Structures are given as structure tokens and as C-alpha cells.
Amino acid sequence: MKRIACVALLLALLLTGCGGVSKEEYDAMVQERDALLAEAQLRELQAPEAVPEDIPDTVTVKVKGDFTATVRSLVPDYVTDGETPRMAVVTLFQSGPFTIDTMDLTQFLEEGETYVFEVGMSDYDIITGQEYESGSLLNPEVVFSMYPSLYISNFRPAEEEDCGLDSVHLEYEASES
């Protein structure tokens, strides 16, 4: 029992001796840190605005073209009306479902049918030059979530040559200005 008490006392003494930094040293470090942060913020505010070199060039574009998709379900918008179908849940060839706003055209669509949807865009949008060159954002699943100004301008029933791997024909139209 004496041995356990001695070990416990020794441990307590060791732990209390490992205090590290005194309160005064800690407070001095905190004041120094705060002063350096304030000085850095002041320098940042006073510095002339410079354009960093790593900002890529941008291009003002509209998305245009068409894509072939199968209508899986017709659903209401739920924001404007909880009953009238205005959205279509569609799938591209071998892809997962996503929604597109088909507005008044929804009444002419049938679930299970495949259509070629023509895309319109009401406003120009800005993308990076790299995205423009690569065309990486020209997937209907991506563009309909990125560009709220996109809409389905027209559609027609798909024919055999419209289906398959080459069923997305979207492209960017660069603005002249």
C-alpha cells in the first residue's frame, strides 16, 4: 500500500511540475499575435489592388444545342404549384436521373418516352477560359444545375440515330462583347 501511495505522490509531483508557460508569458504571446494580425490586415487594406496572376481569363457564353433523354417521371414544381407537372425527371443514355424544367411543354411529354430536348438560355453567363476550351461543363446534368437561365425551348420524339453514346450536342456560344 505504501508503494502505491509513493507512486501516486511521485506522479502528482511530476505532473504539477510540467506546467509549461506562465500566465504572463501566455498573455504576452497573445498580445503579440493580435498586434501582428492587426498589422497584416492594415497592410492588406492599404495595398493597391492587384490582379493575381493565377486568376484565369473568363469568357462570356450561352449554352445552346440539344440532348436526348428518356422521361422517367413528370413532377410538379412544388414552388409555384404542388399539383401541375412542370418538371421532368430524365436520364441520359446509361446515366442517373436529373430534373429539367419543361414548363408548359410538360403536358406534351409522356413518361417512358425518349425525346430530343433543345436547350435555350435567356442570359449570357461567365466561365473560365479553361472551362470554355475543354467544354467540361457541357453535360446536361451539370449545366441545368449551374445555369438557372437555361430552359427547354422545344423537343421532338427521338429517332434511332439520336440515341446512344453520342446523344449530347451542347456547346458554348461566346459573346461578341
Side-chain angles (χ1 to χ4, degrees), residues 36-37 40-177:
L36 288 172
L37 284 173
Q41 288 175 345
L42 181 62
R43 267 190 267 123
E44 186 177 312
L45 289 173
Q46 291 175 342
E49 281 195 41
V51 178
E53 294 178 20
D54 61 341
I55 292 182
D57 59 329
T58 58
V59 180
T60 305
V61 297
K62 268 190 179 181
V63 176
K64 65 178 188 174
D66 59 54
F67 65 94
T68 304
T70 302
V71 175
R72 301 299 177 187
S73 181
L74 300 171
V75 295
D77 183 343
Y78 295 115
V79 174
T80 56
D81 175 9
E83 295 177 14
T84 308
R86 295 181 54 83
M87 307 277 293
V89 178
V90 299
T91 56
L92 300 173
F93 180 71
Q94 296 183 340
S95 75
F98 63 99
T99 59
I100 55 175
D101 189 355
T102 50
M103 298 182 271
D104 295 332
L105 298 175
T106 309
Q107 63 184 328
F108 304 108
L109 298 174
E110 291 184 36
E111 292 181 5
E113 294 296 318
T114 303
Y115 299 97
V116 176
F117 293 98
E118 293 178 24
V119 175
M121 192 171 185
S122 58
D123 294 322
Y124 281 91
D125 214 325
I126 298 173
I127 62 171
T128 66
Q130 182 181 6
E131 290 167 338
Y132 180 76
E133 293 297 324
S134 69
S136 60
L137 300 179
L138 291 174
N139 179 338
E141 296 173 82
V142 175
V143 294
F144 277 95
S145 63
M146 282 188 58
Y147 305 118
S149 59
L150 273 180
Y151 62 92
I152 300 299
S153 61
N154 203 356
F155 72 93
R156 64 177 171 77
E159 297 174 3
E160 189 173 334
E161 64 269 4
D162 297 320
C163 300
L165 291 174
D166 187 29
S167 60
V168 176
H169 305 105
L170 297 179
E171 59 185 42
Y172 291 122
E173 173 186 296
S175 170
E176 298 299 323
S177 55

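Please read all numbers here as calculations on a predicted model, not as lab measurements.
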Practice item. Could you pull out the closest heavy-atom pair between Cys163 and Ala158, with the gap in Å? Key: SG-CB, 4.2 Å

**Study point:** Test item: Tyr124 side-chain N/O and Glu173 main-chain N/O as donor-acceptor pair under 3.5 Å
**Key:** no

Review point. With sequence neighbours left out, what residues match Ser134 under side chain to side chain donor-acceptor pair (under 3.5 Å)?
Key: Ser136

Exercise for review: Look up atom OH in Tyr115 and atom OG1 in Thr68, then write down how far apart they are to the nearest 0.5 Å.
Suggested key: 12.5 Å

**Study point:** SB check Arg86 Asp104 (cutoff 4.0 Å)
**Key:** yes

Check your understanding: Taking the six-membered ring for Trp, are Phe67 and Phe98 parallel (under 30°), tilted (30 to 60°) or perpendicular (over 60°)?
Key -> tilted

Practice item. Would you name the heavy atoms of Ser95 and Glu141 that are closest together and state the gap between them? Key: CB-OE2, 3.9 Å

**Study point:** Non-hydrogen side-chain atoms of Asn139 and Leu92 separated by less than 4.5 Å
**Key:** yes

Check your understanding: Is there side-chain contact between Tyr151 and Leu105, with at least one heavy-atom pair below 4.5 Å?
Key -> no

Check your understanding: To the nearest 0.5 Å, what is the distance between CD (Gln107) and CG (Leu74)?
Key -> 11.0 Å

**Study point:** Side chain to side chain, Val71 and Glu113, heavy atoms closer than 4.5 Å
**Key:** no

Review point. Which distance, rounded to the nearest 0.5 Å, do you find between the CD of Glu131 and the CD1 of Ile126?
Key: 12.0 Å

Check your understanding: If you measure from OH on Tyr172 to NZ on Lys62, what distance do you get to the nearest 0.5 Å?
Key -> 15.0 Å

Point to revise | Within-4.5 Å side-chain heavy-atom neighbours: Thr114 and Phe93 | key: no

Study note, to complete from the structure: Correct closest heavy-atom pair for Ala174 and Val61 would be CA-CG1, 4.2 Å

Check your understanding: Atom CG in Leu36, atom CD in Gln41: separation rounded to 0.5 Å?
Key -> 11.5 Å

Exercise for review: For residues Asp66 and Glu118, report the shortest heavy-atom separation together with the two atoms involved.
Suggested key: CB-CA, 4.0 Å

Point to revise | Thr106 side, atom OG1; Asp101 side, atom CG - distance, nearest 0.5 Å | key: 7.0 Å

Practice item. Considering non-hydrogen atoms only, spot the tightest contact between Val90 and Ala69 and give its length. Key: CB-CB, 3.8 Å

**Study point:** pair Met121-Lys64: side-chain heavy atoms closer than 4.5 Å
**Key:** no

Practice item. Answer yes or no: is there a side-chain heavy-atom contact under 4.5 Å between Val168 and Leu138? Key: no

Revision key, fill the gap. All heavy atoms of Arg156 vs all of Asp162, minimum pair found to be NH1-OD2, 2.8 Å

